[in-house]
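What follows is a single structure, written as structure tokens, with notes after it.
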Amino acid sequence: MFIVMEKIATTQMVARVCYEITQMGLSAHPITGALRTAIAVTGNKAQVDSDRLLSLPGVKDIIHITEPYRLAGREYQPEDTIVDCGRGVKVGGTDFLMIAGPCSVESREQTMIIAEQISAAGIKVFRGGAFKPRTSPYTFQGLGKEGLQILAEVREKYGMLTITEAIDTDTVDQVVEYADIVQIGARNMQNYSLLKKAGRLQKPVLLKRGMWASIEELLMSAEYVLAEGNKRVILCERGVRTIADHSRYTLDLAAIPYVKSASHLPIIADPSHGTGRRDKVLPLSRAAIAVGADGLMVEVHHQPEKALSDGPQAITPADLTELMRDIRNLAPILNRVCP
Ligand code: PEP
Ligand code: MN
């Protein structure tokens with residue numbers, strides 16, 4: 001860490017900062033330049049909580065060298081984490097994960113029709129929301145426990161793993177009973193009590209990036225889960241808010257290679273929420289695998305115009321067949337194993 005002093009900082013101000021640094025058990029090394037003094041700080045094993053130093057007189061800025069995340073960082077673990085989701089399904093390294101299903105479990109009939117087609121496409125992980133975090137309290141909120149039971153039927157009948165969202169600490173235990181992978185949604189990325197609870201689960205966790213969150217904030221949220229002992233964390237880029245008005249969110253594809261260099265955790269892309277529009281899901285899926293995503297999560301509906309949530313972004317089962325053909329063609333070029 002470097003502390004940059006104001007040009008007008010006095011020697012007393014520099015001495016005070018050095019004193020505070022030594023009080024923190026660290027070493028201070030002032031470097032006197034022609035215009036200003038900088039103080040190099042050594043001896044820290046993690047990022048220093050620098051707020052106290054920033055408020056001292058004469059301090060202009062603080063430059064951190066050490067990342068604030070430890071367990072999620074590549075420096076902590078240089079090799080890729082490969083998350084084992086069960087039944088031979090893995091993500092990370094060369095393993096590419098495909099997740100597909102409706103936004104919401106709407107009924108037993110709707111879910112079974114879609115599951116049949118998703119299973120036929122060779123997909124091993126079925127998604128469907130039972131507890132839905134909706135922007136409006138007046139729209140469909142999900143079937144709750146009944147939805148989880150329908151997912152369990154899908155698991156039983158088709159042998160697919162299931163992933164569904166836990167929206168709060170009250171219902172996470174119900175979700176864990178039925179889901180193979182627990183999803184934490186964009187709106188809950190910084191729900192720290194939910195993250196801590198997810199960290200104590202014996203199930204993999206899919207952590208979606210908040211639509212307003214930086215990569216550092218995403219990795220700090222992953223840190224909450226890892227710090228509680230759950231090492232099976234899968235990250236998900238699902239689009240962020242930008243000035244773009246041609247899509248609902250902007251799928252931040254540049255985040256994917258960045259996360260892969262900063263962290264050992266696998267990261268998948270969700271081009272459905274990332275664009276909000278069906279016609280963009282296939283092109284952005286192809287782009288996501290090309291930039292190094294470890295998998296995809298896409299929303300599929302046999303009757304998107306009748307969907308109770310996210311119909312405009314749902315692709316049809318026929319689109320999914322086309323997508324799988326493309327992904328299977330691209331995978332070997334990118335050294336990926338796709339189911
Ligand atoms: C979802 O996957 O259904 C969902 C609600 O996603 P997000 O949290 O990214 O909005
Ligand atoms: Mn959705």
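Ligands are counted one by one from 1 in listed order, and the atoms in each one are counted from 1 as well. Along the sequence shown, residues are numbered consecutively beginning with 1. As the structure is a computational prediction, the values presented were derived from the model and not from experiment.
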Original post:
When you measure from atom 3 (O) of ligand 1 to each heavy atom in Gln313, Glu165, Arg127, which option holds the nearest one?
Top reply: Arg127

Original post:
If hydrogens are left out, which of Glu237, His273, Arg134 has an atom nearest to atom 1 (C) of ligand 1, that is, the closest non-hydrogen atom?
Top reply: His273

Subject >> Residues Ser193 and Thr169: side-chain donor-acceptor under 3.5 angstrom >> reply: no

Original post:
Closer than 4.0 angstrom: is that true for some heavy atom of Glu299 and an atom of ligand 1?
Top reply: yes

**OP:** Could you walk me through whether Lys196 and Glu228 pass salt bridge (charged side-chain N to carboxylate O under 4.0 Å, His left out), step by step?
**Re:** CA-CA 6 Å; Lys196 284 185 190 171; Glu228 292 292 327; 5.6 Å; no

**OP:** Considering just N/O/S atoms, say which atom of Asp310 is closest to the Mn ion (ligand 2).
**Re:** OD2

Subject >> Beyond-backbone contact of Arg187 with Met211, side-chain heavy atoms, under 4.5 angstrom >> reply: yes

Original post:
Nearest to atom 9 (O) of ligand 1, what protein heavy atom do you find, and at what distance?
Top reply: Arg238 NE, 2.6 Å

Original post:
Which single N/O/S atom of Glu299 lies at minimum distance from the Mn ion (ligand 2)?
Top reply: OE2

**OP:** Show which atoms of ligand 1 fall inside a sub-4.0 Å distance from at least one heavy-atom site of Gly185.
**Re:** 8 (O)

Original post:
Cut-off 3.5 Å, side chains only: do Thr250 and Thr242 have a donor facing an acceptor?
Top reply: yes

**OP:** For the residue pair Met189 and Leu218, establish whether any side-chain heavy-atom pair is separated by less than 4.5 Å.
**Re:** yes

Original post:
What protein heavy atom sits nearest atom 6 (O) of ligand 1, and how far off is it?
Top reply: Lys208 NZ, 2.9 Å

Subject >> Short side-chain donor-acceptor distance under 3.5 Å, Asp310 and His273 >> reply: yes

Original post:
Are Phe126 and Tyr158 an aromatic pair by the rule of ring centers under 6.0 Å?
Top reply: no

Original post:
Under 4.0 Å from any heavy atom of Ala186, which atoms of ligand 1 are there?
Top reply: 7 (P), 8 (O), 9 (O)

